[in-house]
Amino acid sequence: MRLLIVDDEVIIRTGLASVIAWHELGIELLQPAASAEEALTRMAEERPHILMTDIRMTGRSGLELAEEGLRLLPELEVIILSGYDDFSYAQQAIRQGVTDYLLKTSKPEEIIKTVLQAKQRITERWAEKSREGQLMRENRERLFAGWIIDGDIVSGPCPSFLQSGVQKEAVNGFNDAQMLRQVMVLRAEGWDRSSDALLRFAVQNTLEDVLPGAIAHVEKQQIICVVSWPPVEQEFPFRLESALRRVEQLLKCTLRAAIGLPVRGSADLHESYRTASTAFRYRGLIDYKIWQYEHVQDRQGGKTILTHEEETTLGTLLLDNDSVTLTTWTRELVANLMAEPEVTPESFSAYLHSVVIAGHRWLTRTMRATGREESARLEPWLPEPDAEATDLGDMLFHHLYGLMHAYHSRMGQGQAAHVQKAIGYIESSLAQDISLQQVAGQVHLHPGHLSELFKKEMGVTFGDFVTDTRIRRAMDMLAVSPAKVSEVAAISGYEDVKYFSRLFKKHTGKTPSEYREEALSFKPSGS
């Protein structure tokens, strides 16, 4: 896939050309062009798939180049480079058919992400044009999952693509049954959450580029990779680690990988995957970036139950209503548990559950002792099954804090403070989905109780308050920002711009555009 960079500033075009190893991302970088005119004379012959151009240049502008380029190459992906002053200009360009834009100050990882998104769109278009190719890819994924993940080796022979890397090595005198094979389970992080799928796609492709003979597959949140090497090659583990570091450097991301037992030939690949998958479950309990199944296979499990002394200490902390000390205690508890040489994911989870049970037991006992035997309405402890160990520690603290708060709120402490905390959370989370249950969780109250407090303290329902706050923010943005109405809607928490416009008019008597026009007409001249 070919990329053409166009910029009349030599430092920009040479910098973009050299700061990123384009060829290792599967991108062929054409000789950068110094003007739109030069680019147009070359495009018919060189036929780039992606055009990255400055928006303002001497002679024809980037938008004019994009218009001519799209006329010449209708499927061209165009990425505009702009400065902050050109922001609204770049947004207008997107509406005119430009694919995306980047600020010239963008970090390399942002540039990589934008170009890879364009590459993925092109790849998807190519796939749509070739139904046969699409069926082949789907069949390959199905066969990979069946042979490697499910261990289905009785329904047919090993798929040929799983042997392709081996066959290349076989010229050295080793056949498929003699080759050493290993399965890795990897997770990639470092890009924003909305780009997780794109990052996995990029890692899959890059692994196959930097590791000859490697076969990678994306399975939910993980990348599964099969590697092979001759039994006489002693340096392969070091080459493997070097390759993973290279992927990190290229994609500006972080990889963590668990490696299964080495096996001979293809028939035992499922066993290597099984052991890699088992080892991968330890990722929250160990600090290694890359670890082998052998590092964890003999662990018997750490402690699983809170001791009587620890339970007494927990009760004292909850009774003291000291969130700072509770935070320190919880973190030390989790750190000590993770440091146990025998700890396993099962024993770690069991121990945290025992802490939760001890906390609930303390609350029941203490409420009964103070004559308040009514049961506390609390959210159950339901940690995410895929959560990291440190995240589980944070979740444990918040749950214990909820128990502590449930007790002390019944002791007559001020209720208005809860409403103020809820308002602060709402104000900082308007662009997200906000539910009564979510906010109640943040202030550690039952949703019904928070609803009652809200009506009492604020004079409006929780839902009406959230809507009023969102519309007020939208009004402020429309009066001072050039953002599109759809962007204002999204920042205010509404994905459906039509629904937002109806709601806005219901509250203000004007459409968002009418409100903006009226607000701007009242601005003093020159402001």
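For the atom pair CG (D192) and NZ (K113), the distance works out to 3.5 Å, reported to the nearest 0.5 Å. For the atom pair Y282 OH and W291 CH2, the distance stands at 11.5 Å (nearest 0.5 Å). Taking OH of Y401 as the start and OG1 of T327 as the end, the distance is 9.0 Å to the nearest 0.5 Å. Annotation: the span from S195 atom OG to E110 atom CD amounts to 7.5 Å, rounded to 0.5 Å. Rounding to the nearest 0.5 Å gives a distance of 6.0 Å between CD of Q300 and CD of E342. In this structure, K107 NZ and L102 CG are separated by 14.0 Å, a value rounded to the nearest 0.5 Å.
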| query | Given I434 and F462, is the side-chain contact (heavy atoms from CB on, under 4.5 Å) satisfied, shown in steps? | reply | CA-CA 10 Å; I434 302 175; F462 174 88; 4.2 Å; yes
| Could you walk me through whether V210 and L250 pass the side-chain contact (heavy atoms from CB on, under 4.5 Å) check? | CA-CA 10 Å; V210 302; L250 286 169; 4.3 Å; yes
| message | Would L103 and S82 count as a side-chain contact (heavy atoms from CB on, under 4.5 Å) here? Give the steps. | response | CA-CA 5 Å; L103 291 174; S82 71; 3.9 Å; yes
| request: Take R121 and E124 through the salt bridge (Lys or Arg N to Asp or Glu O under 4.0 Å) test and state the conclusion after the steps. | output: CA-CA 5 Å; R121 287 191 292 269; E124 289 171 353; over 6 Å; no
| message | Go through it in stages, so that I can follow the logic: the residues are R331 and F397, the test is side-chain contact (heavy atoms from CB on, under 4.5 Å), and I'd like the CA-CA distance, side-chain angles, deciding distance and then a yes or no. | response | CA-CA 8 Å; R331 288 177 177 172; F397 163 74; over 6 Å; no
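E310 and Y351 form a side-chain donor-acceptor contact under 3.5 Å, judged by distance and modelled atom types alone.
Within the 3.5 Å criterion, the main-chain N or O of K119 finds a donor-acceptor partner in the side chain of T123. In this structure, T206 contributes its side chain and V247 its backbone to no donor-acceptor pair below 3.5 Å. Side chain of S349 to backbone of P345: no donor-acceptor contact under 3.5 angstrom is found. One N or O on the side chain of S492 and one on the backbone of V488 form a donor-acceptor pair closer than 3.5 Å. Although no hydrogens or angles enter the test, the distance criterion places a donor-acceptor pair under 3.5 Å between the side chain of T275 and the main chain of L261. No donor-acceptor distance shorter than 3.5 angstrom exists from the side chain of Q182 to the backbone of V227, with no hydrogens or angles considered. A donor-acceptor contact shorter than 3.5 Å is absent between the side chain of R256 and the backbone of R187. A donor-acceptor pair under 3.5 Å is formed between the side chain of R200 and the backbone N or O of K220. Between the side chain of Q117 and the main chain of L198, no donor-acceptor pair closer than 3.5 Å is present.
A search for ring pair (Phe, Tyr, Trp, His ring centres under 6.0 Å) contacts involving F348 returns nothing, not counting sequence neighbours. Contacts of F500 classified as ring pair (Phe, Tyr, Trp, His ring centres under 6.0 Å), with partners at least two apart in sequence or in another chain: Y494, F504. Applying the side chain to side chain donor-acceptor pair (under 3.5 Å) rule to S18 yields no partners; only residues at least two apart in sequence or on another chain are considered.
Ionic pairing of R299 and E346 is not present here: no N-O contact between side-chain nitrogen and carboxylate oxygen is shorter than 4.0 angstrom. R274 and E271 are joined by a salt bridge, as a carboxylate oxygen and a charged side-chain nitrogen come within less than 4.0 angstrom of each other. Between D476 and R473 there is no salt bridge, since no side-chain N of the basic residue sits under 4.0 Å from a carboxylate O of the acidic one. A salt bridge does not link E248 to R245: none of the charged nitrogens lies less than 4.0 Å from a carboxylate oxygen.
Heavy-atom contacts from other residues, nucleotides or ligands closer than 6.0 Å to CD1 of I286 number more than 12. The environment of NZ in K456 is sparse: at most 12 heavy-atom neighbours from other residues, nucleotides or ligands sit within 6.0 Å.
Across W191 and L251, no two heavy atoms sit closer than the pair NE1-O, 3.0 Å. Shortest non-hydrogen contact noted between L162 and W147 is CD1-CD1, 3.6 Å. Nearest heavy-atom pair, A276 versus A258, reported as atom, atom and distance to 0.1 Å: O-CB, 3.5 Å. Nearest heavy-atom pair across L25 and L116 is O-CD2, 4.4 Å. Contact record, A188 with L255: CB-CD2, 3.6 Å, taken as the closest heavy-atom pair. Minimum interatomic distance between S347 and G302 (heavy atoms only, all atoms of both residues): OG-N, 3.1 Å.
Residues H360 and H399 place their aromatic rings such that the two centres sit under 6.0 Å apart.
Within the 4.5 Å cutoff, the side chain of L207 has heavy atoms near those of the L186 side chain. Using a 4.5 Å heavy-atom cutoff, the side chains of M404 and S323 are in contact. Between L352 and M395 the shortest side-chain heavy-atom distance does not fall below 4.5 Å.
The aromatic rings of H295 and Y288 sit tilted relative to each other, their planes meeting at an angle between 30° and 60°.
Each of V355, V356, I357 was checked for a side chain to side chain contact (heavy atoms under 4.5 Å, CB included) with L306, and the lone residue meeting it is V355.
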